[in-house]
Amino acid sequence: MFAIAGVVDHFSDAVVKNPIVGQASKNPELHEWHTNELDRLPGLKFMRTLWVCNVAGGPFPFTATKPGSTPLGLEEAHCEFHITPEEFDEVAAELGRSLDHFEVPPREKDEVLAAFAAHKGEVTEGSMASA
């Protein structure tokens, strides 16, 4: 749990600063969140930590605050941000860089990135609906 929380903390702060998906993002919804909603970041870090613990097999379960058609409710949680597939890929790359920063072994890194990638369609659903 503590190692996962460290990675999530680093990753979350890096996303805020990322020029493509963070405060300087050309996506107005992502720019707005990373500029004016940062008081919610501690809670988001907590939820992300629980999510990663859940996909890693424990020890803590994750229950979405906005359950949708999947157990994790990711499509509803991200729909309003209109995240494009390219923006999703940049967030995944940022996650990879955070895992590298903590020298997460390749097998575990690949497992986390594969679990993240498995939700690309759900997370980018909002951009597809507005296209």
Side-chain angles (χ1 to χ4, degrees):
M1 174 73 169
F2 291 100
I4 290 171
V7 171
V8 169
D9 184 60
H10 183 274
F11 161 72
S12 298
D13 291 344
V15 169
V16 169
K17 304 249 184 275
N18 184 289
I20 296 170
V21 295
Q23 291 175 327
S25 178
K26 292 180 182 174
N27 175 325
E29 290 84 6
L30 290 176
H31 168 77
E32 170 70 21
W33 200 98
H34 289 110
T35 303
N36 297 318
E37 299 290 334
L38 289 181
D39 58 329
R40 297 186 67 205
L41 189 58
L44 181 59
K45 288 178 180 183
F46 177 73
M47 296 296 286
R48 285 175 173 165
T49 299
L50 290 177
W51 187 85
V52 175
C53 284
N54 190 57
V55 300
F60 299 100
F62 173 84
T63 303
T65 56
K66 295 181 180 180
S69 62
T70 66
L72 300 180
L74 295 176
E75 72 285 343
E76 288 187 24
H78 293 88
C79 188
E80 68 188 75
F81 296 109
H82 304 107
I83 297 168
T84 66
E86 295 78 20
E87 290 165 338
F88 181 93
D89 292 344
E90 181 60 25
V91 174
E94 200 65 74
L95 178 56
R97 290 188 285 272
S98 290
L99 294 165
D100 288 342
H101 175 81
F102 286 94
E103 299 178 359
V104 173
R107 189 177 122 242
E108 287 84 357
K109 177 183 174 182
D110 290 345
E111 288 174 1
V112 170
L113 292 175
F116 187 83
H119 297 283
K120 185 174 183 174
E122 298 159 61
V123 172
T124 61
E125 190 174 295
S127 73
M128 304 304 177
S130 64

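Hydrogens, waters and symmetry mates play no part in the numbers below; they use all other heavy atoms, side chains included. Predicted, not measured: the structure shown is a model, and the values here were computed from it.
Summarising the geometry, atom CZ belonging to R107 is positioned 10.0 Å from atom CG belonging to D110; distances are rounded to the nearest 0.5 Å. Taking CH2 of W51 as the start and CD1 of I4 as the end, the distance is 11.0 Å to the nearest 0.5 Å.
Atom CZ of F46 is surrounded by 12 or fewer heavy atoms from other residues, nucleotides or ligands within 6.0 Å.
With sequence neighbours left out, the salt bridge (Lys or Arg N to Asp or Glu O under 4.0 Å) criterion links D100 to K109. Not a single salt bridge (Lys or Arg N to Asp or Glu O under 4.0 Å) links E86 to another residue, sequence neighbours left out. For E108, the side chain to side chain contact (heavy atoms under 4.5 Å, CB included) partners at least two apart in sequence or on another chain are V104, P105. Residues forming a ring pair (Phe, Tyr, Trp, His ring centres under 6.0 Å) with H101 (at least two apart in sequence, or on another chain): H10. Taking the side-chain hydrogen bond (donor to acceptor under 3.5 Å, both in side chains) definition, one finds that S12 meets it with R48, sequence neighbours left out.
The salt bridge (Lys or Arg N to Asp or Glu O under 4.0 Å) pairs that include a residue from residues 7-17 are D9-K45, D13-K45, where partners are two or more places apart or lie in different chains. Screening residues 20-44 for salt bridge (Lys or Arg N to Asp or Glu O under 4.0 Å), with sequence neighbours left out, gives no hits. Within the structure, salt bridge (Lys or Arg N to Asp or Glu O under 4.0 Å) pairs that include any residue of residues 49-61 do not occur (at least two apart or interchain).
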For a quick test of your reading: what N or O donor-acceptor pairs under 3.5 Å do the side chains of residues 87-94 make, sequence neighbours left out?
unit_1: E87; atom_1: OE1; unit_2: N27; atom_2: ND2; d: 3.1
unit_1: E87; atom_1: OE1; unit_2: T84; atom_2: N; d: 2.8
unit_1: E87; atom_1: OE1; unit_2: T84; atom_2: OG1; d: 3.3
unit_1: E87; atom_1: OE2; unit_2: N27; atom_2: ND2; d: 3.4
unit_1: D89; atom_1: OD1; unit_2: K120; atom_2: NZ; d: 2.8
unit_1: D89; atom_1: OD2; unit_2: K120; atom_2: NZ; d: 3.2
unit_1: E90; atom_1: OE2; unit_2: N18; atom_2: ND2; d: 2.8
unit_1: E90; atom_1: OE2; unit_2: R97; atom_2: NH2; d: 2.9
unit_1: E94; atom_1: OE1; unit_2: N18; atom_2: ND2; d: 2.7
unit_1: E94; atom_1: OE1; unit_2: R97; atom_2: NH2; d: 3.1
unit_1: E94; atom_1: OE2; unit_2: R97; atom_2: NE; d: 3.3

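Under the side chain to side chain contact (heavy atoms under 4.5 Å, CB included) rule, V21 has a single partner from V16, L30, I83, which is L30.
Nearest heavy atoms, C53 versus M1: SG-SD, 3.4 Å.
Within the 4.5 Å cutoff, side-chain heavy atoms of L41 are placed close to those of W33.
Distance alone, capped at 3.5 Å, places no donor-acceptor pair between the Q23 side chain and the T35 backbone.
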